[in-house]
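What follows is a set of notes on a single structure, which appears directly below.
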There are 2 protein chains.
Amino acid sequence: MLPSVSEMTDSDVGERGGKRERLVSAAAELLHRQGVQATTLQQIAEAARVPPGNVYYYFKTRDDLVRAVVDTRAQEIAEVLDALVRRPNPRSRLKALARTWSDQRDLIAESGCAIGSLCMELNKQDRDLGRQSTQLFNPLIEWVGNQFHEMGRSDYSDLAVTYLSTVEGASLLANDLRDPEVLARQIRLLEKWIDALE
Amino acid sequence: MLPSVSEMTDSDVGERGGKRERLVSAAAELLHRQGVQATTLQQIAEAARVPPGNVYYYFKTRDDLVRAVVDTRAQEIAEVLDALVRRPNPRSRLKALARTWSDQRDLIAESGCAIGSLCMELNKQDRDLGRQSTQLFNPLIEWVGNQFHEMGRSDYSDLAVTYLSTVEGASLLANDLRDPEVLARQIRLLEKWIDALE
DNA sequence: GTCTATAAGATGATAGAC
DNA sequence: GTCTATCATCTTATAGAC
């Protein structure tokens, strides 16, 4: 079994020329833009500048590559959340997190939220891949819930769902309407809502 | 060109044994449960009890069948919205529409919102099929916006997006968490929000 | 008018060459 | 250790039988 990205040493990466990482990176982008099912290994290999068919040297199956993309997304989320703990209070942390969506409004209007659309597609798979999506939303729900809890709200769990529902729903509509400003406006309203909470 | 479902007379249906309708109905359910890309014509034909390969007698291409499913969903939406005009005021109409989602909470927790997930997948297609999704959300946004407008709100457009964002986002999270009550709770909060608006 | 057999093409995966 | 050639399978689509 090959080591995961996080387990690889620098020398491993050097020996392979970073091809595994290029594959995961190219796959992440293509799965976001085209969808999981619509993207072929050939397209991923081409985008990563790796010989087609050679993907199987780095990943045992196609599902394994998809799993690696999910792991990478989960890691990105963890990094974003970790960076926010520097902020002084839960209110400003929640608003800063929301702004990571409006900052990406152009991309989201074009291809939807990378997390939300990935989850939705994984949730339709009946294989074990299907339950991998919890890696993405669960940490977010817990983190957001913790912020509301710190604010002294006993209904922190419902508030976390409301928060993420707004963000994901607005991303879906902005994508469907191909209008980044739809997302920007909803995030602004979400910030007001956070400020208005006691 | 074959007549669409709405244009078919009873005798047409009788002669065909309703196979076209069975195909669209089976396709709609499978696209919802498995996704557009993951569903094959064989699966649809089998579910509709129509000989495999015979699908092309009723639909010129696979995309045409998907289009028929989208048309059917759009028609379903129109029917639901039409039925709501009997209600006395915009506030009760908005709450009644929201309840159509919580009424389907078990199905949505299992497979997501039929409209939202269909839109998300269509939005990733670069063919002309991709822009068909506007048939689904546009009428909803306009109708919901009209209700807020009748309530005297000048920001009716933003409110309509907030309303649908909440519903679609909550459906996505309920699906990911496999928890119908998540959706039910968010719809209850949405109803309170509607009541609280001036 | 209805359906079967099959073509044509693409995709995931493997075996083995370099 | 890296990559190429190829297989087996599946899927859309068509031609033509009944």
Side-chain angles (χ1 to χ4, degrees), chain A residues 1-3 7-24 26-27 30-31 34-69 121-122 124-130, chain B residues 1-3 5 7-24 26-27 30-31 34-69 121-122 124-129:
Chain A
M1 184 68 77
L2 290 167
E7 289 166 347
M8 280 200 295
T9 65
D10 284 346
S11 65
D12 282 338
V13 174
E15 283 167 19
R16 293 216 190 86
K19 287 188 184 173
R20 191 182 191 279
E21 278 157 329
R22 287 215 306 274
L23 281 168
V24 175
L30 283 170
L31 297 199
Q34 306 185 337
V36 178
Q37 293 286 338
T39 302
T40 68
L41 290 177
Q42 282 191 18
Q43 293 173 325
I44 295 168
E46 188 183 5
R49 301 185 314 276
V50 167
N54 191 16
V55 178
Y56 288 93
Y57 176 67
Y58 298 96
F59 299 94
K60 204 178 168 192
T61 66
R62 184 183 190 277
D63 280 6
D64 273 2
L65 175 51
V66 175
R67 248 182 291 271
V69 171
E121 239 181 315
L122 292 177
K124 297 212 183 291
Q125 315 250 1
D126 41 347
R127 296 166 290 183
D128 51 347
L129 229 176
Chain B
M1 183 68 77
L2 290 167
V5 172
E7 289 166 346
M8 282 200 296
T9 65
D10 284 347
S11 65
D12 283 337
V13 175
E15 282 166 20
R16 295 216 191 87
K19 286 186 186 176
R20 192 183 191 278
E21 278 158 327
R22 287 214 306 273
L23 282 168
V24 175
L30 284 169
L31 297 200
Q34 306 185 338
V36 177
Q37 294 286 339
T39 301
T40 68
L41 291 177
Q42 280 190 19
Q43 292 173 324
I44 294 168
E46 189 184 6
R49 301 186 312 278
V50 167
N54 191 17
V55 178
Y56 289 92
Y57 175 67
Y58 299 96
F59 299 94
K60 206 178 166 191
T61 67
R62 185 186 190 278
D63 279 7
D64 273 3
L65 175 50
V66 175
R67 247 182 292 270
V69 171
E121 240 181 313
L122 292 177
K124 297 212 182 290
Q125 316 249 0
D126 41 347
R127 295 166 290 183
D128 51 346
L129 231 176

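Since the structure is predicted, the reported quantities are computational estimates derived from the model, not experimental observations.
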For this session: Over all heavy atoms of both residues, which pair between A:E121 and A:Q37 is shortest? Give the atoms and the distance, please.
Result: OE2-N, 3.0 Å

Exercise. Nearest heavy-atom pair of B:L23 and B:A45: which atoms, and what distance?
Worked result: CD2-CA, 4.2 Å

Strictly below 4.0 Å: does [X] bring a side-chain N or O up to OP1 or OP2 of [N]?
X     : N      : value
B:Y56 : D:dT14 : no
B:K60 : D:dT14 : no
B:Y57 : C:dT2  : yes
A:K19 : D:dC3  : yes

Exercise. Are side-chain heavy atoms of A:V55 and A:I44 found at a separation under 4.5 Å?
Worked result: no

Problem set entry | Non-hydrogen side-chain atoms of A:V24 and A:Y58 separated by less than 4.5 Å | no

I want to verify a distance call: between [options], whose nearest atom is closest to the [X] side chain?
X     : options                : result
A:L41 : C:dG12, D:dT11, C:dC3  : C:dG12
A:T61 : C:dA13, C:dT4, D:dT4   : C:dA13
A:R62 : C:dC3, C:dA13, D:dT4   : C:dA13
A:Q42 : C:dT11, D:dA13, D:dT12 : C:dT11
A:N54 : C:dC3, D:dT12, D:dC3   : D:dC3

In whole angstrom, what separates [X]'s [atom1] from [N]'s [atom2]?
X     : N      : atom1 : atom2 : value
A:R20 : D:dT2  : CZ    : P     : 13 Å
B:Q37 : C:dT11 : CD    : P     : 11 Å
A:L65 : C:dG12 : CG    : C1'   : 12 Å
A:F59 : C:dT14 : CZ    : C1'   : 18 Å
A:L23 : D:dC3  : CG    : P     : 11 Å
A:I44 : C:dA13 : CD1   : P     : 11 Å
A:E46 : D:dC3  : CD    : P     : 16 Å

Exercise. Please walk me through it: do A:L129 and A:V36 pass side-chain contact (heavy atoms from CB on, under 4.5 Å)?
Worked result: CA-CA 11 Å; A:L129 229 176; A:V36 178; over 6 Å; no

